[in-house]
Amino acid sequence: MSDTDPQVTDGFRAAMRRVASTVNVITICVGGEPMGITATAMSSLAMDPPSLLVCINRFAAMHSSMEDVSHFCVNVLHRDQEDIAQMFADRRQHGLRFVSGWTVDCERPPRLLDAQASIVCRRIDHHRFGTHSIFIGVVEDAVARDEVDPLLYLDGHYAGAIG
């Protein structure tokens, strides 16, 4: 796809493994069917208007649907939800994903009831870049769990925040 020097790619990969990221499950509904994917590439974008961006691999099964939906939800996982992160990262567990703990009515994207935070966004734009697409959403609703202990991903492993 590119002519980037393999040493630069390897160095960048090693550098990014040293950046702790919150673990999120991005959810949408398409034709009455809930869909989700584990992602760490999420960031706030602006406070006026409240907005964020998520990055999804263009080869992910959910990618093409994400281009067409009106809304998505970022479910920031709590430290005790590593099993949910693994479930949404494993295609073999597709049938188990929304069995319990979710609000799934498909009028809105599925929301994890006891997530660290859940942020419903109206998708307003997206841009393709390299292997991923950047999806931008304006926040329409956000709720947060009282206890602050997000699930993190660092150096290829799940972890909790120290503090």
Side-chain angles (χ1 to χ4, degrees), residues 1 16 20-46 49-154 156-160:
M1 176 170 239
M16 291 297 92
S21 300
T22 56
V23 181
N24 312 284
V25 172
I26 312 304
T27 57
I28 60 175
C29 268
V30 177
E33 184 72 27
M35 301 174 77
I37 189 170
T38 301
T40 55
M42 184 277 291
S43 180
S44 62
L45 184 57
S51 52
L52 55 76
L53 62 83
V54 296
C55 301
I56 305 288
N57 189 305
R58 290 183 20 216
F59 300 104
M62 196 173 96
H63 180 273
S64 63
S65 297
M66 205 47 195
E67 291 180 316
D68 297 325
V69 297
S70 63
H71 290 79
F72 62 90
C73 184
V74 175
N75 296 278
V76 181
L77 299 185
H78 187 268
R79 176 65 185 107
D80 63 7
Q81 295 173 322
E82 182 177 330
D83 58 328
I84 294 171
Q86 292 173 341
M87 183 185 308
F88 278 83
D90 184 352
R91 290 181 186 195
R92 295 171 299 177
Q93 296 188 46
H94 178 77
L96 302 173
R97 291 180 177 174
F98 296 100
V99 170
S100 66
W102 294 86
T103 58
V104 181
D105 60 16
C106 280
E107 289 184 28
R108 302 293 261 174
R111 192 176 221 162
L112 183 59
L113 295 173
D114 61 348
Q116 180 69 72
S118 290
I119 308 161
V120 176
C121 297
R122 179 174 36 88
R123 189 190 62 78
I124 60 163
D125 204 357
H126 77 276
H127 304 275
R128 290 180 176 221
F129 185 82
T131 58
H132 284 64
S133 286
I134 303 161
F135 293 92
I136 298 170
V138 172
V139 176
E140 290 188 348
D141 189 30
V143 295
R145 186 170 168 170
D146 288 337
E147 178 191 8
V148 179
D149 191 9
L151 180 63
L152 303 179
Y153 195 70
L154 177 65
H157 303 284
Y158 295 108

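Although no hydrogens or angles enter the test, the distance criterion places no donor-acceptor pair under 3.5 Å between the side chain of R108 and the main chain of V120. A distance-only check finds no donor-acceptor pair linking the side chain of R58 to the backbone of F129 [under 3.5 Å]. The backbone N or O of V69 sits less than 3.5 Å from a side-chain atom of R123, completing a donor-acceptor pair.
Note: T22 OG1 to L152 CG = 7.0 Å, rounded to the nearest 0.5 Å. The CD1 atom of I124 sits 6.0 Å away from atom CD1 of I136, with the distance rounded to the nearest 0.5 Å. Once rounded to the nearest 0.5 Å, the distance linking CD of E107 with NE2 of H71 reads 12.0 Å. Between atom CG of residue L53 and atom CZ of residue F135 there is a gap of 11.5 Å, rounded to the nearest 0.5 Å. Note that the NE2 atom of H63 and the NE2 atom of H132 stand 9.0 Å from one another [nearest 0.5 Å].
Shortest non-hydrogen contact noted between P150 and Q116 is N-OE1, 3.1 Å. Closest non-hydrogen pair, L112 versus G101, comes out as CD1-O, 3.4 Å. Listed here is the closest heavy atom pair of D114 and H78: O-CB, 4.4 Å. Considering every non-hydrogen atom in both A20 and L154, the closest pair reads N-CD1, 3.7 Å. The two residues S118 and N75 come nearest to each other via the heavy atoms OG-OD1, 3.0 Å. The two residues T38 and F88 come nearest to each other via the heavy atoms OG1-CB, 3.2 Å.
Legend: residues meeting side-chain contact (heavy atoms from CB on, under 4.5 Å) with A142, ordered by chain and number and at least two apart, are I119, V139. Legend: residues meeting disulfide bond (SG atoms under 2.5 Å apart) with C29, ordered by chain and number and at least two apart, are C106. With sequence neighbours excluded, the residues satisfying side-chain contact (heavy atoms from CB on, under 4.5 Å) with L96 are M87, Q93. A search for side-chain contact (heavy atoms from CB on, under 4.5 Å) contacts involving S65 returns I28, V30, M35, not counting sequence neighbours.
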Passes salt bridge (charged side-chain N to carboxylate O under 4.0 Å, His left out), E67 versus R128? Steps please.
CA-CA 10 Å; E67 291 180 316; R128 290 180 176 221; 2.6 Å; yes
Take W102 and V25 through the test side chain to side chain contact (heavy atoms under 4.5 Å, CB included) and record every step on the way to the result.
CA-CA 12 Å; W102 294 86; V25 172; 4.0 Å; yes
Given side chain to side chain contact (heavy atoms under 4.5 Å, CB included), test M66 with V54 step by step and report yes or no.
CA-CA 11 Å; M66 205 47 195; V54 296; 3.8 Å; yes
With side chain to side chain contact (heavy atoms under 4.5 Å, CB included) as the criterion, how do C55 and I134 come out once you've worked through the C-alpha distance, each side chain's angles and the decisive distance to 0.1 Å?
CA-CA 5 Å; C55 301; I134 303 161; 4.0 Å; yes
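No side-chain heavy atom of Q81 sits less than 4.5 Å from a side-chain heavy atom of Y158. L77 has its side chain out of reach of N24: every pair of non-hydrogen atoms, C-beta onward, lies at least 4.5 Å apart. Counting only heavy atoms from C-beta outward, the side chains of R111 and V143 approach each other to under 4.5 Å.
Sorted by first and then second residue, the salt bridge (Lys or Arg N to Asp or Glu O under 4.0 Å) pairs with a member in residues 28-45 form an empty list; sequence neighbours excluded.
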Side-chain donor-acceptor pairs of residues 39-46 under 3.5 Å, sequence neighbours excluded:
none

